[in-house]
Protein chains: 2
Amino acid sequence: MITLDYRDKRPIYEQIVDKLSELMVKGVLKQDSPMPSVRSLAAELSINPNTVQRSYIELERMGYIYSVRGKGSFVADISGIKNSRSKETERAVEELVKEAKLVGISEEELILIIRQKYEEEEGRRD
Amino acid sequence: MITLDYRDKRPIYEQIVDKLSELMVKGVLKQDSPMPSVRSLAAELSINPNTVQRSYIELERMGYIYSVRGKGSFVADISGIKNSRSKETERAVEELVKEAKLVGISEEELILIIRQKYEEEEGRRD
DNA sequence: TAACTGTATTAGTTATCTTAGTACAGTTAG
DNA sequence: CTAACTGTACTAAGATAACTAATACAGTTA
């Protein structure tokens, strides 16, 4: 389902949160479909169940999943989250523009880079 | 000279590195001009001198400053660093484009936002 | 010489991350 | 009903990173 990157310095539980939420945003994991159980995902990734549980608690707090005792965890309706993630991205653009101006990248140069990256990303399957 | 943001979750030494390097890139701190001494900056920020020293070690490692025993630390020639920071920014654009596509922001929408942010940043003095 | 500079070392605290083991509560297939 | 699965909760322990603290040494300068 996902793989861990041990070169990544971020905590494991955070990587799991990011990768799973990405799968949900992409629509690979659809609304109300079951998430892997805490124990099975832990076994698959060869990590402690507590670490996965921590990721699930975080995902539930953020609204990506809902959990039912005895039944399992399921993908929530994330349409609202997509919007807030959009706004977050706009804020990230602000930081990027600030840094670009700082290092002397002009508006037109930045836009050129954007177009280029979009092309590169075009055919990508991930 | 700089102020710390205690709501910022990043380590203090990293904040110092970022803020001081920004001042150098902006040209506020010019080449060969003296940096505040480890002890004086620590006093000014009410933190331990070792924390400031760690920032200075990092700044020296990155090439922003050079230190002379007994004399002090000084701003280095950072023209080369500006270039590498530019390349770093291009890499950041890649991440941004990836996230933008994920949350459904089109190329033209993103460019529109960029133009808008550039306008907002235009008159800014920081 | 006194008062600055950077540098080095050691130690202790605090917080975060991860693992481990155990236990309880609810669901479900056989 | 029961075995095997779910989520949830708790405590403990080890590792690591960030920060503080105290102290000392080395070089510069008014």
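Throughout, a chain's letter reflects where its sequence line sits, starting with A, and its residues are numbered from 1.
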**Q.** 5'-most by nearest nucleotide on DNA chain D - Asn50(A) or Gly70(A)
**A.** Gly70(A)
Q.
If you compare every side-chain N and O of Thr51(B) against the phosphate oxygens of dA18(D) (OP1, OP2), does one of them come in below 4.0 Å?
A. no
Q) Which of the following nucleotides, dA18(D), dG26(C), dT7(C), is nearest to the side chain of Arg69(A)? A) dG26(C)
**Q.** Pairs involving residues 60-82 of chain B, ordered by first then second residue, that meet salt bridge (Lys or Arg N to Asp or Glu O under 4.0 Å) (sequence neighbours left out)
**A.** Glu58(B)-Arg61(B)
**Q.** Ser40(A) vs Ser37(A), side chain to side chain donor-acceptor pair (under 3.5 Å): CA-CA, chis, key distance, verdict
**A.** CA-CA 5 Å; Ser40(A) 67; Ser37(A) 78; 3.0 Å; yes
Q. In whole angstrom, what separates Leu41(A)'s CG from dC5(D)'s P?
A. 16 Å
Q) Separation of Gln53(B) atom CD from dA22(D) atom C1', in whole Å? A) 14 Å
**Q.** salt bridge (Lys or Arg N to Asp or Glu O under 4.0 Å) partner of Lys117(A), chosen from Glu95(B), Glu99(B), Glu94(B)
**A.** Glu94(B)
Q: Using Watson-Crick or G-U wobble geometry with both distances below 3.5 Å, tell me the partner of dG26(C), or none.
A: dC5(D)
Q. If only side-chain N and O atoms of Lys71(B) are considered, is one of them under 4.0 Å from the OP1 or OP2 phosphate oxygen of dT29(D)?
A. yes
Q. Are any of Arg39(B)'s side-chain N or O atoms less than 4.0 Å away from OP1 or OP2 of dC4(C)?
A. no
Q. Looking for any heavy atom pair under 4.0 Å, which part of the strands does Ile57(A) touch: base, sugar-phosphate only, or nothing?
A. nothing
**Q.** Intermediate values then yes/no, side-chain contact (heavy atoms from CB on, under 4.5 Å), Ile65(A) and Phe74(A)
**A.** CA-CA 5 Å; Ile65(A) 65 174; Phe74(A) 305 87; over 6 Å; no
Q.
Between Ser67(A) and dG7(D), is there a contact of a side-chain N or O with OP1 or OP2 at under 4.0 Å?
A. no
Q: Would you tell me whether Asp32(B) and Tyr66(B) have side-chain atoms, one donor and one acceptor, within less than 3.5 Å of each other?
A: yes
(Q) So if I take residues 7-18 of chain A and measure heavy-atom distances to DNA chain C, which residues fall below 4.0 Å? (A) Pro11(A), Ile12(A), Tyr13(A)
Q: For residues Ile2(A) and Leu45(A), report the shortest heavy-atom separation together with the two atoms involved.
A: O-CD2, 3.4 Å
Q) Picking from dT19(C), dG6(C), dT8(D), which would you name as closest to the side chain of Glu60(A)? A) dT8(D)
Q.
Could you go through Lys19(A) and Glu14(A), starting from their C-alpha distance and side-chain angles, then the distance that decides it, and tell me whether this counts as salt bridge (charged side-chain N to carboxylate O under 4.0 Å, His left out)?
A. CA-CA 9 Å; Lys19(A) 301 209 171 179; Glu14(A) 203 178 307; over 6 Å; no
